Amino acid sequence: MANKRIYLCLAHMSEAGLEQKYIKEAFDTNWVVPLGPNVNGFEADLEQFVGEDKHVVALSSGTAAVHLALIACGVQAGDEVIVQSFTFCASSHPITYLGATPVFIDSEAETWNMDPELMEVAIKDRIAKTGKKPKAIIPVYLYGMPAKLDEIMEIADKYGIPVIEDAAEGLGSLYKGQVCGTFGKYGVLSFNGNKMITTSGGGALICPDEEAKSKIMWYATQAREAYPYYQHEAIGYNYRMSNICAGIGRGQMTVVNDHVAHHRHVADLYREAFKDVNGITFHDEMDGMTSNFWLSTIVLDENLHVSDEETAYAEAVQGAVGGAAGVVHAGGGVHTDCEPNDNVEALRKVLDKEGVEARPLWKPMHKQPVYKDAPAYVNGVSEALFKKGLCLPSGPYVTDEDVARIVAVIKENISKN
């Protein structure tokens, strides 16, 4: 019998079938719109989960949450926003939606997240060069790993700059016992199909108080004024989560802790399996940090050799990361000016042939062609990690037997000279 295909990270429905119950109720009551009982219920569940007297707005995506948080922080055309470079594009693209400029900050080597010291260097330099301070700071919890929040928040408070935590990958992660996404002025969550829980698509914004929540909700529903007809005095957006998707989310909230526990269990298996393997380092959490290990990641030593690495880039890839998950543009060739090492790409291809999906780490935003003219404060950490790192299957469908097979394939195809 052929081995099953093992995917990187797919959230799945709870066995209790509560998702179907809430969806059926939405159809039965004709609440098939971007508001309704499920939306209210999902927001209440999320507020209970994050705690800290926070308020939550359910939205159509995590990207929408970043966009609205920036608007709420007063970001306008011509402004600058400090943002982590080592991340997915959804952290930075909304800055450009507003005509503002992202200022990319490299990572520190321990958590792989925004380097606080480099962040302060950038703030001082932007003030000196532009005469004004950046309007917001967006740290990211890469692969669920908490950032060095004490340092980041201290510097942000020192300069009076609001923090928008991109916790899209960090649902259930903790920093010194507090939920990630609740430290800054706003916190971003994602419920895409590959996240800790899913609403098929969707996201949410954690807000500091009821007033902020009401303002975000207003922007998310086309900024309508209180008249018996449509009156608009500001630009709004169609960003509210649908009642159908929120029904899925309500069911998923019953298993969120189980999902976090499973991801951490999978991480434990990888950590133990690679602890004595020369040339492979498992990326682990620091003291005081509790990662959800949304994705377990490893770093390959440059001198670690993988089967067929000499042909790793022999042919151009015809698809793209995400495959059928999105429409992609045909690539321009085999190589770019910043890419994973031959042994990393070779290992990815070896695993793919064995029915195991693995992916490179995020390519730093400051190395993306679309941001070639954006200010960037770099130290080489994220570029080095991108060249050496690989994400391994970590989701709820990944079993102990799957991890054993993945590790076996890796060990069978490596050598170190």
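Source: prediction; values computed, not measured. Sequence positions, counted from 1, serve as the residue numbers for this chain.
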Colleague: Given side chains that start at C-beta, do those of Ile138 and Ile95 come closer than 4.5 Å, heavy atoms only?
Modeller: yes

Colleague: Can a donor-acceptor pair be found, under 3.5 Å and without considering hydrogens, that links the side chain of Glu165 to the backbone of Gly187?
Modeller: no

Colleague: Between His283 and Tyr143, is the ring centre distance below 6.0 Å?
Modeller: no

Colleague: Decide yes or no on side-chain hydrogen bond (donor to acceptor under 3.5 Å, both in side chains) for Glu302 and Asn341, but give the supporting numbers first.
Modeller: CA-CA 8 Å; Glu302 294 176 348; Asn341 291 337; 4.5 Å; no

Colleague: Is Asn413 reaching over with its side chain to a backbone N or O of Val409, donor-acceptor style, under 3.5 angstrom?
Modeller: yes

Colleague: Report the C-alpha separation of Ile406 and Tyr270 in whole Å, then their side-chain angles, then the decisive distance to 0.1 Å, and conclude whether the side-chain contact (heavy atoms from CB on, under 4.5 Å) test is met.
Modeller: CA-CA 9 Å; Ile406 292 165; Tyr270 282 128; 3.4 Å; yes

Colleague: Is Asp209 paired with Lys185 through a side-chain N to carboxylate O contact shorter than 4.0 Å?
Modeller: no

Colleague: Ignoring hydrogens and geometry, is there a side-chain-to-backbone donor-acceptor pair from Gln84 to Val140 under 3.5 Å?
Modeller: yes

Colleague: Could you walk me through whether Glu339 and Tyr313 satisfy the side-chain contact (heavy atoms from CB on, under 4.5 Å) test, starting with their C-alpha distance in whole Å, then the side-chain angles of each, then the deciding distance to 0.1 Å, before giving a yes or no?
Modeller: CA-CA 10 Å; Glu339 63 190 18; Tyr313 285 102; 3.9 Å; yes

Colleague: Is a donor on one side and an acceptor on the other found under 3.5 Å between the side chain of Trp218 and the backbone of Gly236?
Modeller: no

Colleague: Looking at the rings of Phe88 and Trp362, which for Trp means the six-membered one, are their centres under 6.0 Å apart?
Modeller: yes

Colleague: Report the distance from atom NZ of Lys4 to atom CZ of Arg405, rounding to the nearest 0.5 Å.
Modeller: 8.0 Å

Colleague: When you check the side-chain N and O atoms of Glu383 and His366, is any donor under 3.5 Å from an acceptor?
Modeller: yes

Colleague: Would you say that Leu46 contacts Met253 through its side chain, given a criterion of any heavy-atom pair below 4.5 Å between the two side chains?
Modeller: yes

Colleague: Using modelled atom types and a 3.5 Å cut-off, is there a donor and acceptor pairing between side-chain atoms of Gln231 and backbone atoms of Glu225?
Modeller: no

Colleague: Calculate, to the nearest 0.5 Å, the distance between atoms CG and CD belonging to Leu142 and Glu169 respectively.
Modeller: 5.5 Å

Colleague: Please confirm whether Phe42 and Phe191 have ring centers closer than 6.0 angstrom.
Modeller: yes

Colleague: Below 4.0 angstrom, N of the basic side chain to O of the carboxylate: do Glu117 and Lys148 qualify?
Modeller: no

Colleague: Hey, does Pro146 have a side-chain heavy atom less than 4.5 Å from the side chain of Ser291?
Modeller: yes

Colleague: With a 4.5 Å limit on heavy-atom distance, are the side chains of Val81 and Ile164 in contact?
Modeller: no

Colleague: I want to check something: taking the side chain as every heavy atom from C-beta on, are Ile82 and Ile161 in contact at a cut-off of under 4.5 Å?
Modeller: no

Colleague: How close do Val83 and Met114 get, counting heavy atoms only, and between which atoms?
Modeller: C-CE, 3.6 Å

Colleague: Could you pull out the closest heavy-atom pair between Val266 and Ser394, with the gap in Å?
Modeller: CG1-CA, 4.1 Å

Colleague: Go through the steps to decide whether Asp268 and Arg271 satisfy the test salt bridge (charged side-chain N to carboxylate O under 4.0 Å, His left out), and finish with yes or no.
Modeller: CA-CA 5 Å; Asp268 289 342; Arg271 181 190 300 107; 2.6 Å; yes

Colleague: Please report the shortest heavy-atom distance between Ile248 and Thr198, naming the atom on each side.
Modeller: CG2-O, 3.4 Å

Colleague: How about Tyr159 and Glu120: do any of their side-chain heavy atoms sit closer than 4.5 Å?
Modeller: yes

Colleague: Pair Ser382, Asp106 - check side-chain hydrogen bond (donor to acceptor under 3.5 Å, both in side chains), show working.
Modeller: CA-CA 6 Å; Ser382 62; Asp106 215 329; 2.7 Å; yes

Colleague: Does atom OH (Tyr7) have a neighbourhood of more than 12 heavy atoms from anything else shown, all under 6.0 Å?
Modeller: no

Colleague: Identify which one of Ser91, Ser92, Ser190 satisfies the side chain to side chain donor-acceptor pair (under 3.5 Å) criterion when paired with Asp166.
Modeller: Ser91

Colleague: Kindly compute the distance separating NZ (Lys387) from CG (Leu385), expressed to the nearest 0.5 Å.
Modeller: 11.0 Å

Colleague: Please report the closest heavy-atom contact between Asn292 and Ser173, naming both atoms and the distance.
Modeller: N-OG, 2.9 Å

Colleague: Just by distance, do the side chain of Arg240 and the backbone of Ala58 share a donor-acceptor pair under 3.5 Å?
Modeller: yes

Colleague: Nearest 0.5 Å, what's the SG-CD distance between Cys207 and Glu47?
Modeller: 9.0 Å

Colleague: Which atom pair, heavy atoms only, marks the closest approach of Gly36 to Asn243?
Modeller: C-OD1, 3.3 Å

Colleague: Begin from the C-alpha positions of Val381 and Glu108 and carry the test side-chain contact (heavy atoms from CB on, under 4.5 Å) through to its verdict.
Modeller: CA-CA 7 Å; Val381 169; Glu108 35 80 14; over 6 Å; no

Colleague: Give a yes or no on whether the ring-centroid distance for Phe293 and His262 is below 6.0 angstrom.
Modeller: no

Colleague: Just by modelled atom types, is the Tyr22 backbone N or O under 3.5 Å from a matching donor or acceptor in the Asn38 side chain?
Modeller: yes

Colleague: Would you say Lys135's side chain and Gly74's backbone share a donor-acceptor pair under 3.5 angstrom?
Modeller: yes

Colleague: Measure the CD1-CG distance between Ile410 and Leu390 for me, rounded to the nearest 0.5 Å.
Modeller: 7.0 Å

Colleague: Run the numbers on Lys275 and Glu272 for salt bridge (charged side-chain N to carboxylate O under 4.0 Å, His left out), then give the verdict.
Modeller: CA-CA 5 Å; Lys275 70 178 184 180; Glu272 181 66 21; 2.9 Å; yes

Colleague: Could you tell me whether Lys21 and Glu25 have a side-chain N and a carboxylate O separated by less than 4.0 Å?
Modeller: yes

Colleague: Output, in order, the C-alpha distance, side-chain angles, deciding distance and verdict of side-chain contact (heavy atoms from CB on, under 4.5 Å) for Leu361 and Trp112.
Modeller: CA-CA 11 Å; Leu361 305 183; Trp112 298 5; 3.6 Å; yes

Colleague: Give me the atom names and distance for the closest heavy-atom approach of Ala358 to Leu8.
Modeller: CA-CD1, 4.0 Å

Colleague: If you define the side chain from C-beta out and look only at heavy atoms, does anything of Arg348 sit under 4.5 Å from Arg359?
Modeller: no

Colleague: Side chains of Asn257 and Phe49: closer than 4.5 Å at any heavy-atom pair?
Modeller: yes

Colleague: Got a second to check how far Met286's CE is from Met145's CE, nearest 0.5 Å?
Modeller: 10.0 Å

Colleague: Are the side chain of His232 and the backbone N or O of Gln222 linked by a donor-acceptor pair below 3.5 Å?
Modeller: yes

